[in-house]
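In what follows, a structure is listed as structure tokens, so that the remarks can point back to it.
All chains are named by letter (A, B, ...) in the order of the sequence lines, taking the proteins before the strands, and each is independently numbered beginning at 1. Computed from a prediction, not measured in an experiment: that's the story for all the values here.
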Amino acid sequence: MTEPFTVAGLAAALHARRISSVEATQESLARIEAAQPALNAFVTIDHEGALAAARAADVTLARGAAPPLAGVPLAHKDVLMTAGLPTTCASRMLADYVAPYDAHVVARLRDAGTTLVGKTNMDEFAMGSSNENSHFGPVGNPWNAARIPGGSSGGSAAAVAARLVPAATGTDTGGSVRQPAAMCGVTGIKPTYGLCSRYGLVAFASSFDTPGVLAQNAEDCALVLDAMAGHDARDATSVDRAPADFTRLLRRGAGARPLAGLRIGLPREYFDAGVAPDVAKAVEAALAELRALGGETVAIELPTVGHAIPVYYVLAPAEASSNLSRFDGVRYGHRAAAYADLDDLYCRTRAEGFGPEVKRRILIGTYVLSRGYYDAYYLKAQQVRRLISQDFAHALARCDVIAGPTTPAAAFALGTRVADPLAMYLGDIFTVAANLTGLPAISIPCGFDADGLPIGMQLQGRHFDEATLLDAAHRFQRATDWHRLVPSGYGR
Amino acid sequence: MSPGIDEVRRLAKLARIALDEGHTSALASELDAILGMIDRLLAIDTAGIAPMAHAHDTVVALRDDAVTEGDQRELFQQAAPAVAGGLYLVPKVIE
């Protein structure tokens, strides 16, 4: 295929009728099949449905006045409900579950004309940072298949990095869009909590769960986010506000210093010890580039951000233990074959259906919510959550975005942290605060480490100010090539 | 706070998860490490700080008290392990 395999590139080629949606979709399906043995990025591949949608898109395109993303192939993380297709959450519990309805963001992207090629692999119920907690096996990193892709949206990140699809949805509860984006060398945005509906997103931690986008660049993220965002009365936390049109904002003209006036906050806490030297170097170089584009860096402080991990690992498991109580072997999902009574049915079903990480988090959540510990842990964590939010509000009064590394290190080798859940949690240090505060954040590729693995820079912004994040990322990507590099063996 | 094996058994019972007895002590030490990290919170001064449950301090909107969804019982029960006559089947709970 000679057309650029990006959302913007394919959309332009489809609207100009240089290619058909059937061709674009067949290309995507062929790439997915070829990469599946090495990457395991997909849980479900829907040849029939994708080609039917592509044929329908071609009819619409031929008539003119087709929606903006008509005929563009797309994949959804397997935690988003897709009517008539399996939605497994990469869990044995839902291995045979077929969703009866579409998630709001799935319906919106269908209405925008995208053709759904399949569902991507992930950490079970989106709990994990390495994509090793999948009932369907781990995902390989396209840059080195023996490394993790990051999690929990690891399949989506690997699929975009290997150019199997131009974009994929993800969800981000503690960094699950941004971490795999960083580790696979793609662009990933977690919008403000409330911008995109959670309706049909299988709940992990409802006060943090956020649908997001993984794509090659900020412009593609804007195109997909424009289609996804919007008020939905079925999600009580969906915010009713006028659509932003992020794509139009990015297409404004700009001079040699397009970021003039942008104040970039650098928290001391993000550049202290604990960051791998290669990561620190790449982020410093990216900051120099942002300054060359007109941005101004200012020192800021986030004194309580060091508490973000313990706060998150009280509140997210607490919400998970409540949300996942719905999996009881009665209404949907796995049911144990043998049991003595109803209570035994619950206990065996859940023991068989959930993997070790999901069980760990349910038990931690049960602990912090149980009598005698509720005030000490759960209430305390909610109070510290407010302190952290206040820190960010103060900092974002002095700057427009907060910059730093997305992860402390590039992708580690598969299997090396499975036995040490605590070490795995500590890798979430830079991403969980955006979920505690609800702030939008984007990860953009900014270099490689000595082993040739991608490094990501994170920008966090004010509530509902995705436009500033996308604009800064877009201007950075106009001036750099990190996001254009493709892992060898993929993309052709 | 170290949970110990008895505490892990109590949590598993509350969470309705049957424990694999061979892994209980490993699980207890994993939870011990995680709770040790969480214990750092206990030293933080939060006097007078209101708990934050939600990213936006907004009042949750109420919708009109009107029927918006039709009856989809058959569709939803297709996903159930055992149903009969429109009801979910469970083991006998009354002797």
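Interatomic distance, CG of B:L42 versus OH of A:Y377, reported as 5.5 Å (0.5 Å rounding). To the nearest 0.5 angstrom, B:F76 atom CZ is 6.0 Å from A:Y101 atom OH.
Listed by chain and number, the residues in a side chain to side chain donor-acceptor pair (under 3.5 Å) with A:S321 amount to none (sequence neighbours excluded).
For the set B:I38, B:L41, B:V90, the count of heavy-atom pairs under 4.5 angstrom toward chain A peaks at B:L41.
Judged by distance alone, with hydrogens and angles left aside, the side-chain atoms of B:R16 form no donor-acceptor pair with the main-chain N or O of A:D328 at under 3.5 Å.
Other residues, nucleotides and ligands contribute at most 12 non-hydrogen atoms within 6.0 Å of the CG atom of A:D96. The neighbour count for B:E74 CD, taken as heavy atoms of other residues, nucleotides or ligands under 6.0 Å away, does not exceed 12.
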Please lay out, stage by stage, how A:L387 and B:I44 fare under the test side-chain contact (heavy atoms from CB on, under 4.5 Å).
-> CA-CA 10 Å; A:L387 291 176; B:I44 302 168; 4.1 Å; yes
- Task: Applying side-chain contact (heavy atoms from CB on, under 4.5 Å), run through A:Y367 and B:L31 and close with a yes or a no.
- Result: CA-CA 10 Å; A:Y367 182 82; B:L31 295 188; over 6 Å; no
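Only the backbone of B:D45 comes within contact range of chain A, with at least one heavy atom under 4.5 Å from a heavy atom of that chain.
Across B:M37 and A:P310, no two heavy atoms sit closer than the pair SD-CA, 3.7 Å. Closest heavy-atom contact between A:G329 and B:P81: O-CG, 3.4 Å. When all heavy atoms of B:V93 and A:L342 are compared, the closest pair comes out as CG1-CD2, 3.6 Å. Considering every non-hydrogen atom in both A:L422 and B:I34, the closest pair reads CD1-CA, 4.3 Å.
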Validation: residues 46-55 of chain B side-chain donor-acceptor distances under 3.5 Å, sequence neighbours left out:
residue, atom, partner, partner atom, Å
B:T46, OG1, A:K380, NZ, 3.1
B:T46, OG1, A:Q383, OE1, 3.0
B:H54, ND1, B:H56, N, 3.0
B:H54, ND1, B:H56, O, 2.9

